[in-house]
**Student:** 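Below is a structure I'd like to ask you about.
The basis for the numbers below is simple: all heavy atoms, side chains too, and nothing from hydrogens, waters or symmetry mates.
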Amino acid sequence: MAKTKVQKAAVLTPQAEDFPRWYQDVVARAELADNGPVRGTMVIRPYGYAIWERMQAELDDRIKAAGARNAYFPLFIPDSYLRREAEHVEGFSPELAVVTHGGGKKLEEPVVVRPTSETVINVYFSKWVQSYRDLPMLLNQWCNVVRWELRPRLFLRTTEFLWQEGHTCHASEIDARSYALRILADVYEQTMRDVMAMPVLPGMKTRSETFAGADVSWTCEGMMLDGKAVQMGTSHLLGQNFARVFETQFLTEHGEQEFVWQTSWGVSTRLVGALISASSSEAGRPNVM
């Protein structure tokens, strides 16, 4: 049995020769995932899913320690919701999967398969947030999203992937900014460094790389063995952009109506791919000091 495993490891493409091929070989030989029937989708096999479950558990504990509660929002989002925030829809337009027919009939309004949930969640925030006593409202959901990917690679870039997305409302910009940075440091960076044993560099994204519809985006970047960086997790200060569009307001202690300040943040199954790409030996085994 041991000899068979050595023989399998020996047929891996050398990293220096073709790193992407080496990566695909490791994912296949370790039985982590397979390509799905639709281009860009993936089947996560039990061993690969077990790794994700461990990551998910560690992240979920830290998210809850930061005060957020888990909820769930629909997979299908009315097209009109996305179009209410111009910068947001423009940023995601090339990646959207749109459903035009259901039940054998043409839909009255197309629905978008969830690429992210800022729009639909704000519809409900505007119902649930009434007073300063409702703030901060801190929610998180574990779900799948779809973003049409032109250059797929298992775990690292797929059309459908698993993730968590947090969405929060605050009474002030200071509170929102502080919370977004807390998630980046206490949830994402801590999990990556202490659990995944991966050194990461946190920092601010450039304006051109900022999340569509956000004021500021921060990221944790990890370095892969081929010298390329991978964005492993992001946290965004949305400001009042979505609040103004969806009229998410609250009554202050002084009896005035104000728009909430918001954040959103997420990490995905890309973490599994980053772990492989940053921590594996030539033979695909974990590098151990």
Side-chain angles (χ1 to χ4, degrees), residues 33-45 48-49 52-53 55-56 59-60 70-127 139-168 209-214 217 231-236 238 241-242 245-246 248 262-273:
D34 272 328
N35 289 304
V38 175
R39 187 177 184 277
T41 61
M42 67 174 169
V43 176
I44 305 176
R45 301 185 67 175
Y49 198 81
W52 173 240
E53 282 183 312
M55 292 176 173
Q56 185 181 36
L59 288 162
D60 196 60
N70 286 334
Y72 185 79
F73 292 85
L75 172 67
F76 296 120
I77 301 173
D79 182 66
S80 58
Y81 283 20
L82 271 78
R83 300 196 178 281
R84 287 172 69 176
E85 213 291 325
E87 186 179 351
H88 188 66
V89 70
E90 182 181 354
F92 276 100
S93 218
E95 301 176 324
L96 297 180
V98 182
V99 179
T100 58
H101 289 72
K105 298 180 180 179
K106 186 175 181 179
L107 301 178
E108 291 185 9
E109 178 184 357
V111 295
V112 174
V113 182
R114 174 177 54 216
T116 183
S117 299
E118 279 76 9
T119 56
V120 66
I121 289 178
N122 260 282
V123 169
Y124 291 89
F125 274 161
S126 66
K127 295 180 180 181
L139 299 182
N140 175 66
Q141 74 165 339
W142 292 95
C143 63
N144 64 335
V145 295
V146 171
R147 299 178 185 178
W148 217 257
E149 180 57 56
L150 299 178
R151 296 179 296 276
R153 189 182 302 179
L154 291 172
F155 290 114
L156 291 172
R157 284 188 175 277
T158 50
T159 295
E160 179 190 8
F161 52 89
L162 306 181
W163 79 341
Q164 59 73 212
E165 53 176 314
H167 299 269
T168 69
E209 295 177 315
T210 297
F211 178 75
S217 291
Q231 176 181 286
M232 295 177 57
T234 51
S235 187
H236 315 287
L238 300 180
N241 298 328
F242 289 91
V245 170
F246 290 90
T248 310
Q262 294 181 290
T263 77
S264 68
W265 26 276
V267 296
S268 74
T269 38
R270 176 179 289 180
L271 292 182
V272 179

**Student:** Could you check Ile44 against Trp52 for side chain to side chain contact (heavy atoms under 4.5 Å, CB included), going step by step and ending with a plain yes or no?
**Tutor:** CA-CA 9 Å; Ile44 305 176; Trp52 173 240; 5.7 Å; no

**Student:** Give, for atom OG1 of Thr116 and atom CD of Glu95, the distance between the pair rounded to the nearest 0.5 Å.
**Tutor:**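 Separation between the atoms: 10.5 Å.
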
**Student:** Asn70 vs Asp60, test: side chain to side chain contact (heavy atoms under 4.5 Å, CB included). Steps then yes/no.
**Tutor:** CA-CA 9 Å; Asn70 286 334; Asp60 196 60; 3.0 Å; yes

**Student:** Checking side-chain contact (heavy atoms from CB on, under 4.5 Å) against Thr158, which of Arg153, Met42, Arg147 comes through?
**Tutor:**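 Per the side-chain contact (heavy atoms from CB on, under 4.5 Å) rule, the option paired with Thr158 is Met42, out of Arg153, Met42, Arg147.
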
**Student:** What's the shortest heavy-atom distance between Leu238 and Ala214, and which atoms?
**Tutor:**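 Minimum heavy-atom contact is CD2-CB, 3.8 Å.
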
**Student:** Would you confirm whether Arg157, through its side chain, and Arg151, through its main-chain N or O, come within 3.5 Å as a donor-acceptor pair?
**Tutor:**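 Side chain of Arg157 to backbone of Arg151, a donor-acceptor pair under 3.5 Å: no, none is there.
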
**Student:** Heavy atoms, side chains only, cut-off 4.5 Å: are Val272 and Phe161 in contact?
**Tutor:**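 Heavy-atom side-chain distance check fails, nothing below 4.5 Å.
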
**Student:** Give, for atom CH2 of Trp265 and atom CG of Asn140, the distance between the pair rounded to the nearest 0.5 Å.
**Tutor:**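 With rounding to 0.5 Å, CH2 (Trp265) is 4.5 Å from CG (Asn140).
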
**Student:** Is a donor on one side and an acceptor on the other found under 3.5 Å between the side chain of Asp79 and the backbone of Pro110?
**Tutor:**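 Answer holds: no.
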
**Student:** Looking at every non-hydrogen atom in both residues, tell me the closest pair between Thr119 and Ile77 and how far apart they are.
**Tutor:**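 Closest pair (atom of Thr119, atom of Ile77, distance): OG1-CG2, 3.8 Å.
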
**Student:** Ignoring hydrogens, what is the shortest heavy-atom contact between Leu150 and Arg39? Give both atom names and the distance.
**Tutor:**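 Taking Leu150 first and Arg39 second, the nearest heavy atoms are O-NH2, 2.8 Å.
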
**Student:** Determine the minimum heavy-atom distance between Thr159 and Glu149, stating which atoms define it.
**Tutor:**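 Nearest heavy atoms, Thr159 then Glu149: OG1-N, 3.4 Å.
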
**Student:** Drop me the distance from Ile121's CD1 to Phe73's CZ, to the nearest 0.5 angstrom.
**Tutor:**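 One gets 4.5 Å once the value is rounded to the nearest 0.5 Å.
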
**Student:** Does either side chain, that of His236 or that of Ser217, offer a donor lying less than 3.5 Å from an acceptor on the other one?
**Tutor:**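 Yes, side-chain donor-acceptor contact under 3.5 Å.
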
**Student:** Got Leu96 and Pro115 here, is their nearest side-chain heavy-atom distance under 4.5 Å?
**Tutor:**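 When only atoms from C-beta onward are counted, Pro115 and Leu96 do touch, with a gap below 4.5 Å.
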
**Student:** How close do Leu156 and Arg270 get, heavy atom to heavy atom, and via which atoms?
**Tutor:**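 Taking Leu156 first and Arg270 second, the nearest heavy atoms are O-NE, 3.0 Å.
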
**Student:** Which value, rounded to the nearest 0.5 Å, describes the distance between His167 atom NE2 and Gln262 atom CD?
**Tutor:**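 Going from NE2 on His167 over to CD on Gln262, the span is 9.5 Å.
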
**Student:** Could you give me the CA-CA distance, side-chain angles and deciding distance for Val145 and Glu165, then say whether side chain to side chain contact (heavy atoms under 4.5 Å, CB included) is met?
**Tutor:** CA-CA 10 Å; Val145 295; Glu165 53 176 314; 4.3 Å; yes

**Student:** Taking all non-hydrogen atoms of both residues, which atom of Asn144 and which atom of Glu160 are closest, and how far apart?
**Tutor:**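 Closest approach of Asn144 to Glu160: ND2-OE2, 2.8 Å.
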
**Student:** Would you say CH2 of Trp163 has more than 12 non-hydrogen atoms from neighbouring residues, nucleotides or ligands within 6.0 angstrom?
**Tutor:**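 More than 12 heavy atoms, drawn from other residues, nucleotides or ligands, come within 6.0 Å of this atom.
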
**Student:** When you measure from the side chain of Ser126 to the backbone of Val123, do you find a donor-acceptor pair of N or O atoms at a distance under 3.5 Å?
**Tutor:**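 Such a contact is found between Ser126 side chain and Val123 backbone.
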
**Student:** Are any side-chain N or O atoms of Glu118 and backbone N or O atoms of Phe242, one a donor and one an acceptor, separated by less than 3.5 Å?
**Tutor:**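 No, the answer is negative, given that no donor and acceptor are paired below the 3.5 Å cut-off.
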
**Student:** Could you check whether any side-chain heavy atom of Val113 comes within less than 4.5 Å of a side-chain heavy atom of Phe76, counting everything from C-beta outward?
**Tutor:**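 The answer is yes; the side chains approach within 4.5 Å.
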
**Student:** Got a second to check how far Lys127's NZ is from Tyr124's OH, nearest 0.5 Å?
**Tutor:**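 Interatomic distance, Lys127 NZ to Tyr124 OH, rounded to 0.5 Å: 5.0 Å.
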
**Student:** To the nearest 0.5 Å, how far apart are CZ in Phe125 and CG in Leu139?
**Tutor:**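 Interatomic distance, Phe125 CZ to Leu139 CG, rounded to 0.5 Å: 4.5 Å.
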
